[in-house]
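Structure, as structure tokens:
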There are 2 protein chains.
Amino acid sequence: MSCESFFIEQLQKKGFRLTPQREIVLSILHQMDSPASVEELFAKVQEVSNAVDISTVYRTLDLLQDFNLVISIDLGENHRVFKLVGAEEPHLHLVCVRCDTVIGVDIHPAESFAATLMEKNGFQADLTRLNIPGLCKNCRGQKTRSITVNTLNQPAPLG
Amino acid sequence: MSCESFFIEQLQKKGFRLTPQREIVLSILHQMDSPASVEELFAKVQEVSNAVDISTVYRTLDLLQDFNLVISIDLGENHRVFKLVGAEEPHLHLVCVRCDTVIGVDIHPAESFAATLMEKNGFQADLTRLNIPGLCKNCRGQKTRSITVNTLNQPAPLG
DNA sequence: ATAATTATTGCTATCGTTTGCATTTGCGAC
DNA sequence: GTCGCAAATGCAAACGATAGCAATAATTAT
């Protein structure tokens, strides 16, 4: 697969090595159909070989992120998930703060917004790393929220 | 100050208590002129009273976030900073991935973009929690980047 | 003012992630 | 193939952040 061949190519270019551990982690990422936590990924890696250490999984994920083959998404509450993006068009991610679903969407609607930021602030936004928090279609429909959450969502003070 | 009075009001409303520790943390946040890490905040808190535990600082920051008086910004690399926003208009944050500077900007240019997301994806974006990664004016000018970083920033593979 | 109630604290243990280091192993040179 | 070197690994220790819990202290009722 070309995702693997790109990985191998990148490794060789940098003088890094192709190891069984790295192949396993990449293949597991391929199997996932939604972004997965380290815990999930490590569990699946261990099904293949229980000799692989979790620190190697972390290190491989870092490497894949450097290669832009994987992105990580912060779900808040110290919850982070990883997603293989190598084969896809660049896109941004809508992250539901309620159910943690991640939706990849076309990057183009954001480009005029990015242009405004550049014009007004001289800031060059990196839309491929942009994760947008909010409520997905499903969760938006569900209005039953706990009292605690409701009362906390009040307007900010004035001074 | 009205930020403090809002805090006290919110505490009373929920049956929570105003403690010296909470007052200290809030006053330290007031002193900071840029977003600060827990490490920095805790150091300053200890200058006031070294009896305050770091877990209390964490808990107070959580509480202030629930009250929408404080926001936290993920700088990546497991680096998180906190910023007092109680007195400000809601705005979004431009986060420089190079120097970690955080710039607060007006939320309005993002609203048409948010409208597009709602229309196309049924997703209700929360712009007040939106942090946009990219390069700030200063860092955009500096083209001298390490070879490692340059070679890593290559287009994604096709398949 | 005093007592009762219960939120909050500091301490400790724990969890998830990272780092240091000796050992292993991939990979190029021979 | 074998050798040599440096990258990568597994292990264990360290680190930042969190949770449990007994002791403390802020608020309410008396």
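Residue numbers begin at 1 in each chain, while the letters A, B, ... track the order of the sequences.
Nucleic acid contact class of Ile54(B) (heavy atoms, under 4.0 Å, all strands): none. Residue Arg59(A) is in base contact, counting any heavy-atom pair closer than 4.0 Å across all strands shown. Contacts of Glu39(B) with the nucleic acid, taken as non-hydrogen atoms under 4.0 Å apart, are absent.
Near DNA chain C, meaning a heavy atom under 4.0 Å from it, residues 40-48 of chain B has no residue at all.
OP1 or OP2 of dT18(C) sits under 4.0 Å from a side-chain N or O of Asn78(B). The phosphate of dT9(D) has OP1 or OP2 within less than 4.0 Å of a side-chain N or O from Thr19(A). Distances shorter than 4.0 Å separate none of the side-chain N or O atoms of Arg17(A) from OP1 or OP2 on dT25(C). The shortest distance between the side-chain N/O atoms of Gln21(B) and the OP1/OP2 oxygens of dA25(D) is not below 4.0 Å. For Thr56(A), a side-chain nitrogen or oxygen approaches OP1 or OP2 of dG10(D) to under 4.0 Å.
Proximity of a side-chain donor or acceptor of Arg98(A) to a complementary backbone N or O of Cys139(A) within less than 3.5 Å is detected.
Contact between Phe67(B) and Phe16(B) at its shortest, heavy atoms only, is CZ-CD1, 4.1 Å. Pairing each heavy atom of His93(B) with each of Gly104(B), the nearest pair is CD2-CA, 4.1 Å. The shortest heavy-atom contact between Asp53(B) and Ser55(B) is OD2-OG, 2.7 Å.
Under 4.0 Å is where a charged nitrogen must lie from a carboxylate oxygen, and between Arg80(A) and Asp74(B) at least one such pair does.
Following rounding to the nearest Å, Glu23(B) (CD) and dT9(C) (P) show an atom-to-atom distance of 11 Å. Here the P atom of nucleotide dT8(C) and the CG atom of Leu63(B) are 7 Å apart, to the nearest Å. For the pair Asp66(B) CG and dT8(C) P, the interatomic distance rounds to 12 Å; values are reported in whole Å. Taking atom CG of Asn50(B) as the reference point, atom P of dG10(C) lies 11 Å away to the nearest angstrom. Straight-line distance from the CG atom of Asp53(B) to the C1' atom of dA23(D): 14 Å, rounded to whole Å. Rounding to whole angstrom units, CD of residue Gln10(B) and C1' of dA7(C) are separated by 17 Å. One interatomic measurement links the two molecules: CG of Leu61(B) to P of dT18(D), which rounds to 10 Å at whole-angstrom precision. Per the geometry, CG belonging to Asp62(A) stands 12 Å off P belonging to dT9(D), to the nearest Å.
Note on Phe42(A): it clusters hydrophobically with Leu84(A), by side-chain heavy-atom contacts below 4.5 Å among ILVMFWY residues. Linking Ile, Leu, Val, Met, Phe, Trp and Tyr residues whenever their side-chain heavy atoms come within less than 4.5 Å leaves Met118(B) and Val102(A) in two separate clusters.
With dC11(C), dT8(C), dA8(D) as the candidates, the nucleotide lying closest to the side chain of Ser55(B) is dC11(C). The side chain of Phe16(A) sits closest to dA8(D) out of dT18(C), dA8(D), dT9(D).
Other members of the hydrophobic cluster containing Phe113(A), listed by chain and number, are Leu92(A), Leu94(A), Ile103(A), Val105(A), Ile107(A), Leu117(A), Phe123(A), Leu127(A), Leu130(A), Ile132(A), Leu92(B), Leu94(B), Ile103(B), Val105(B), Ile107(B), Phe113(B), Leu117(B), Phe123(B), Leu127(B), Leu130(B), Ile132(B); membership follows side-chain contacts under 4.5 Å among ILVMFWY residues, whether direct or relayed.
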